[in-house]
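First the structure, in the form of structure tokens, and then the observations on it.
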Amino acid sequence: MYDIAKLIHLVAGIVWMGGMTFMLLALRPAALALMEPQPRARLMGEVWRRFFAIVLVAIAALFFSGSHLYTAAFKASKLASGVGSVPLGWNVMLVLGITMMLIFGHIYFAGFRKFQRAVAAAEWPIAAKAAGQIHKLVLANFVLGWVAIAAVRLVR
């Protein structure tokens, strides 16, 4: 079960991080370079709607698989040494992962909803401002994701 949880955790992380990589480094720059604001806002709305649904599934998978991995490692450590512990990098990843989930919650339930309402009402300046806020928060999550990956591999 541990290996399956680890695989699920890795796949969910790759999906979330890969999606952010694609959006930040490929889709958004291309859309900004080639599209007028209104069609670009509609495109990004449809892309985000689909991607954010995938991220919600990835977050659930990360949360449950990560919880399993963490508790299994803690229990194994306690059985082996009498003291339950996990590597410091795991604790850093846990804190950063929860922070990323909370940031995504704000992106989805506040920023994206505001963006969708603005696009539906053809309030393009409001949509542009909401899109800019979403971009900044996705960028923050992207950086936190890489820090979490580095921590779990480099901090013992």
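Basis for what follows: all heavy atoms, side chains included, without hydrogens, waters or symmetry-related copies.
Under a cut-off of 6.0 angstrom, the local environment of CZ in Arg156 is crowded, with over 12 non-hydrogen atoms contributed by other residues, nucleotides or ligands. Heavy atoms of other residues, nucleotides or ligands lying less than 6.0 angstrom from CG of Leu154 number more than 12. Residue Phe63 qualifies as open at atom CZ: its count of foreign heavy atoms under 6.0 Å is 12 or below.
Here the side chains of Phe64 and Ile8 are not in contact, with every heavy-atom distance at 4.5 Å or above. Considering only heavy atoms from C-beta on, Phe115 stays 4.5 Å or farther from Ile126 through its side chain. Residues Leu24 and His135 meet the side-chain proximity criterion, which asks for heavy atoms closer than 4.5 Å. No side-chain heavy atom of Lys136 sits less than 4.5 Å from a side-chain heavy atom of Gln133. Looking only at side-chain heavy atoms (C-beta outward), Ile107 and Trp48 stay at 4.5 Å or farther from each other. Looking at heavy atoms from C-beta onward, Val138 lies out of side-chain contact with Phe51 at the 4.5 angstrom threshold. When side chains are defined from C-beta on, Ile103 counts as touching Leu144, because their heavy atoms get closer than 4.5 Å.
Taking hydrophobic clusters as Ile, Leu, Val, Met, Phe, Trp and Tyr residues chained together by side-chain heavy-atom distances below 4.5 Å, Ile149 shares a cluster with Leu139. Put simply, Trp124 and Val47 are part of the same group of oily side chains (I, L, V, M, F, W, Y) that touch within less than 4.5 Å, one to the next. Residues Leu88 and Val147 share a hydrophobic cluster, clusters being chains of Ile/Leu/Val/Met/Phe/Trp/Tyr side chains in contact below 4.5 Å. Criterion: ILVMFWY side-chain heavy atoms under 4.5 Å apart, direct or through other members. Under it, Met1 and Tyr70 are not part of a common hydrophobic cluster. Linking Ile, Leu, Val, Met, Phe, Trp and Tyr whenever their side-chain heavy atoms come within less than 4.5 Å leaves Val95 and Val155 in two separate clusters.
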**Message:** One pair to check against side chain to side chain contact (heavy atoms under 4.5 Å, CB included): Leu34 and Arg40. What are the steps and the verdict?
**Reply:** CA-CA 9 Å; Leu34 297 175; Arg40 182 175 63 238; over 6 Å; no
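Here the CD1-CG distance, from Ile4 to Leu69, works out to 11.5 Å after rounding to the nearest 0.5 Å. If you take CZ on Arg153 and CE on Met93, they are separated by 10.5 Å, rounding to the nearest 0.5 Å. Here Tyr108 contributes atom OH and Leu137 contributes atom CG; the two are 16.0 Å apart, rounded to the nearest 0.5 Å. Summarising the geometry, atom NZ belonging to Lys129 is positioned 12.5 Å from atom CD belonging to Glu123; distances are rounded to the nearest 0.5 Å. Taking CD1 of Ile59 as the reference point, atom CD1 of Ile54 lies at 12.5 Å (rounded to 0.5 Å).
Salt bridge status for Arg42 with Glu46: absent, with no side-chain N to carboxylate O gap under 4.0 Å.
In this structure, Thr71 contributes its side chain and His68 its backbone to a donor-acceptor pair below 3.5 Å.
Nearest heavy-atom pair across Ala118 and Ala127 is CB-N, 3.5 Å. In plain terms, the two heavy atoms of His9 and Ser65 that are nearest each other are ND1-OG, 2.8 Å. Pairing each heavy atom of Ala12 with each of Ala58, the nearest pair is CB-O, 3.6 Å. The minimum heavy-atom distance linking Met17 with Met100 is given by the pair SD-CE, 4.5 Å. A pairwise comparison of heavy atoms in Val86 and Phe74 identifies CG1-N, 3.9 Å as the closest pair. Here the closest non-hydrogen pair linking Leu62 and Gly13 is CD2-N, 3.7 Å.
Below 30°, between 30° and 60°, or above 60°: for Phe142 and Trp146 the angle between ring planes is above 60°, a perpendicular geometry. Using the six-membered ring where Trp is involved, Trp16 and Phe104 have ring planes that are perpendicular, over 60° apart on the 30 and 60° scheme.
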